[in-house]
Amino acid sequence: MSSLSGATVKLALSGDSVILRGALRGKQAPAERTLSLAFISAPRLGSAKKESVDEAFSLESREYLRRRAAGKAVRFSVAYTTASGREFGHLYLGPDLVRDNAALMIVREGWARVSDAARGKLSRSDTTDEDRMMIEDLVDGEQYARDGRRGMWDEAAKAGRPRLVAFEGDAAEFLAAHKGRELRGTVEMVRDAASLRVMLHLPQAHQMVTVALAGVRAPQVAEPFGAEARFNVELRLLQQDVKVRLEAPAHGAPGSFVGTVAHPAGNIAEWLVSSGFARVQDWSAAHASDPQRLRTLEREARAKRLRLWQAESADAPASSAVFEATVVRVVSGDTLVVADASGADREFQLASVRQPRAADPATAGYAELAREALRRFCIGKPVSVAVDYHKPATEGFRARDCATVRVRGEDAAARLVRAGLLGVLRHRADDDHRSSNYDELADAEAQAVAAKAGMHSGKPVAPAKLADASESAARARSFLPHWQRSGRVPCVVEHVAGGARFRLLVAKDAAKLTFVLGGIRCPRAPRANESDGEPWGAEALAYSQRHALQRNVEFEIEGVDKAGAFIGSLWLAKDQSLAEDLLRSGLASVHAFSADQSPHGAALRAAERQAQDAHRGMWADYNAAAAEAASRQVEEEKKARHAEPAAQLAPRTEFLDVVVSELARASGRFFVQIAQPDNIAGLESLMQSLALDLKQPKPPADFAPKAGQLVAACYSVGDEWHRARLVKHMPGKRECEVLYVDFGNSEILPVDRIRPLSAKFSALPTQAHEAQLAFVSLPNESFASDYVNDSMDELRRLVEGRQLVANVEARPSNGPLHLTLYDPELGRPLIEKSVNGLIASAGFAVADKRALSTLHNQAAAAKIDVLVAEARENHRGMWEYGDVTADD
């Protein structure tokens, strides 16, 4: 016998022919050769190319050899080679050269016969003894099979189910009949690592189909790693029995399906991805048995830079950063704002989805429905946010962070996609910026399309049309009786304009309205430029936004104001009043007149007292005794306003030497310092000590700036430290607005230029006192606004750089000092020569007949009124084009 060689059976071509694969040498593909078993002949399988049919028992014969030899290590020898190059030889499946002879085994089982040529060799003299002995064994084996009616020699046996190489039926019907079922099959061919030809063993036939592995995309054979990937799949699956699940039709020839292929050793798709031979394919991943595991395996392969990921850059997208937050606002159907653990607001777009186009009439209604569905599902609820990727700014679009947001474990985006209210983005195969839950999104969209849900129904939805109940006072009064009869009316807070001012939507009445909380007053919030606003106004606005914006609430109407805004109570829950919450937090005060008209006045006052007793918010420096004294003074002032002229308050005489340290352009107010030697010396000494005390380069780690707090602030010009009161903290920008309490000027500073103020620096009273000119009102934003700059320039000309004498005409309980300012260089302190009189005479003031200073000194007020009238008649200052008060 010629020497034996070792090899592995790649596949059995028929019952008497195999393809052998040599050993793997380095990165070179192993050599292959076709070996036909000498001296026997098995039934022929048909060829699709030659349009030939299978001979009887041909598949059974091939299957007998496949099950015993495919993928196994064998030994073989070549007996002879024909002129065409076809090799014939002997194949041994084990160590015993007789018992493990493949040809003898298949002949004895009746699936092959001894060839005529071999029988002829028995009578020839040139036949070797070795061949003669082997042929005789084969003839005995065939006789054994015939006698035992084995295999094809059983006269009662019939050929098995047909083998259907071509797919000729209806693919959709075939898929409907077998979708999701576990089917037995044999891998007949590996086209590429992710595309297999599988023979399904069905009850009626052996049907050949093409299966594209669900959830993966492997390189083609000509692409990098393509040949290596296919070789490894062949090693594991070629001619192996597998379990197949068909899930969806695939692109390609008839009989092509997307599915999963499982071998007892594992899932081949998962192995390909984990080895770096394949990427996760988005559109088919939803059909995989475990899409999330595929994603995890892909991330691990990428981290190890295996094969396809060898060129992966160091800044490739990392795993999602996950944090807990609360949804505080829904911007649109695919964008929302959350508050993280630090309280900072962060805006996210839902990853890998897009909302219907609001500009398209066919989908505009669905854009509204998407926003409302997201609001109902998320607003005010704790969520888990997984940051998937960052979308850089492009022309017309700002940069965005994209994330997967889950409420109690449910993906918000998938919920809306399933309802047909969001679409799923199609990413490029090499685009890794996508949702970490992309597979569920793709599956949800497939469900929505199949169910014709939402925008997939083909039916346009018109945007909702809402009547504006606050369009005018008359319009508001037409709605008033209906809503007053209804008691508490359910609504949604669409917008928060201030701590106590809202825009509400009433769905059942298809109406929107402006609503103001009755019985309280909230400080005015700053506008977008953040340069104005009252202390605690920003905090009140933030509180109402956090607790009411886009929430389902109820309102109760008490009345309507002259602008058409409705006044009343807003209920966040059955017994939770927003007005009481604001009062209890020290972010609002009771408005006495409207509280007296409200049925909830007693509860409002009780809530305010709680804040005062606890020194919360605006009541941080609250002094009960001082407040009581101020209250008595207010009552006296009220009585004075309604008394007969003979009973008016007596003029005040309280002269002070002052210097105007700051002018507040927007309000017409200013700050003065009292020019006393002790005050000046004390302030200079304090500033020197403050500079020495604040040498630490950074604020303490536990320093948390709060509005109303007295701090030390480093002035932006000159880098000098001064005492300041913190007006507003902007944590998102890490900035604070401060008011320098010894000078009256204000500015916005970075947090690192602010320090806590030691108690020893609080002993000296603040040196800047807020004031306004007595008897007059200067132009401001709500009155003669075009002349604000001119009036302030005139005031600056009269007071800047001069030491003046001031008479305190009135000290209101809650407001600036009312001063009459005199320049000593102009002689006796006559009202006509005062700064007040000069600015009125220049045409930049009107007489304020309701001012407390007017009540104290009506004689001086009357002279100011005469000066104002003269300026008007002579068209001076703001009167140059006529009466600026004509429209008031």
Indicate whether the side chain of H591 and that of S594 have a donor and an acceptor atom separated by less than 3.5 Å. yes

Modelled atom types, side-chain donor and acceptor of S585 and R616, under 3.5 Å: no

F671-H769 aromatic ring centre distance below 6.0 Å: no

Would you please name every residue forming a ring pair (Phe, Tyr, Trp, His ring centres under 6.0 Å) with F515, sequence neighbours left out? F555

Does L726 form a side-chain contact (heavy atoms from CB on, under 4.5 Å) with L739? I'd like the steps, not just the answer. CA-CA 6 Å; L726 203 147; L739 173 71; over 6 Å; no

Do side-chain atoms of E558 reach the backbone of Q597 as a donor and acceptor pair under 3.5 angstrom? no

Any side-chain heavy-atom pair of D848 and V776 under 4.5 Å: no

Can a donor-acceptor pair be found between the side chains of D581 and Q576 at a distance below 3.5 Å? yes

Backbone N/O of P765 and side chain of Q767: donor-acceptor pair under 3.5 Å: yes

Just wondering, are more than 12 heavy atoms of other shown residues or ligands nearer than 6.0 Å to NZ in K381? yes

Any donor-acceptor pair under 3.5 Å from S791 side chain to Y787 backbone: yes

Given the rule in the salt bridge (charged side-chain N to carboxylate O under 4.0 Å, His left out) test, do R725 and D742 qualify, once you have shown the distances and angles that lead to the verdict? CA-CA 10 Å; R725 189 170 301 281; D742 295 316; over 6 Å; no

Return yes if a side-chain donor-acceptor contact under 3.5 Å exists between N552 and R375, otherwise no. yes

Does this structure show an ion pair linking R524 with E534, if we count only N-O contacts that are shorter than 4.0 Å? yes

Should L773 and L795 count as side-chain neighbours, where that means a heavy-atom distance under 4.5 Å? yes

Once the angle between the rings of W571 and H600 is folded into 0 to 90°, is it parallel (under 30°), tilted (30 to 60°) or perpendicular (over 60°)? perpendicular

Is there a side-chain contact between L578 and L517 (heavy atoms, below 4.5 Å)? yes

Going by an N to O cut-off under 4.0 Å, is there a salt bridge joining R398 and E347? yes

Pair R503, E494 - check salt bridge (charged side-chain N to carboxylate O under 4.0 Å, His left out), show working. CA-CA 5 Å; R503 286 290 283 177; E494 180 64 18; over 6 Å; no

Do R652 and E809 sit within salt-bridge range, that is, some charged N less than 4.0 Å from a carboxylate O? no

Could you give me the CA-CA distance, side-chain angles and deciding distance for V659 and L804, then say whether side-chain contact (heavy atoms from CB on, under 4.5 Å) is met? CA-CA 6 Å; V659 174; L804 306 172; over 6 Å; no

Side chains of N745 and E747: any donor to acceptor distance under 3.5 Å? no

Heavy-atom side-chain proximity of L838 to L826 below 4.5 angstrom: yes

Can you check whether Y715 and Y740 have ring centres sitting under 6.0 Å from each other? yes

Say whether, by atom type as modelled, one donor and one acceptor occur between the side chain of S834 and the main chain of I831 under 3.5 angstrom. yes

Assess whether ring pair (Phe, Tyr, Trp, His ring centres under 6.0 Å) is satisfied between H722 and F743, documenting all intermediate values. CA-CA 9 Å; H722 300 280; F743 299 93; 5.2 Å; yes

Check for a donor-acceptor pair, side chain of R753 on one end and backbone N or O of E735 on the other, with a separation under 3.5 Å. no

Does the S544 side chain pair with the main chain of G499, one donor and one acceptor, at a distance under 3.5 Å? yes

Between N807 (side chain only) and E654 (backbone N and O only), is there a donor and an acceptor less than 3.5 Å apart? yes

Please answer whether the main-chain N or O of L819 pairs with a side-chain N or O of N836 as donor and acceptor at a distance below 3.5 Å. yes

Under-4.0 Å salt bridge between R584 and E608: no

Got a salt bridge between R605 and D596, using NZ or NE/NH1/NH2 to carboxylate O under 4.0 Å? yes

What's the spacing between L336 CG and Q550 CD if we round to 0.5 Å? 9.5 Å

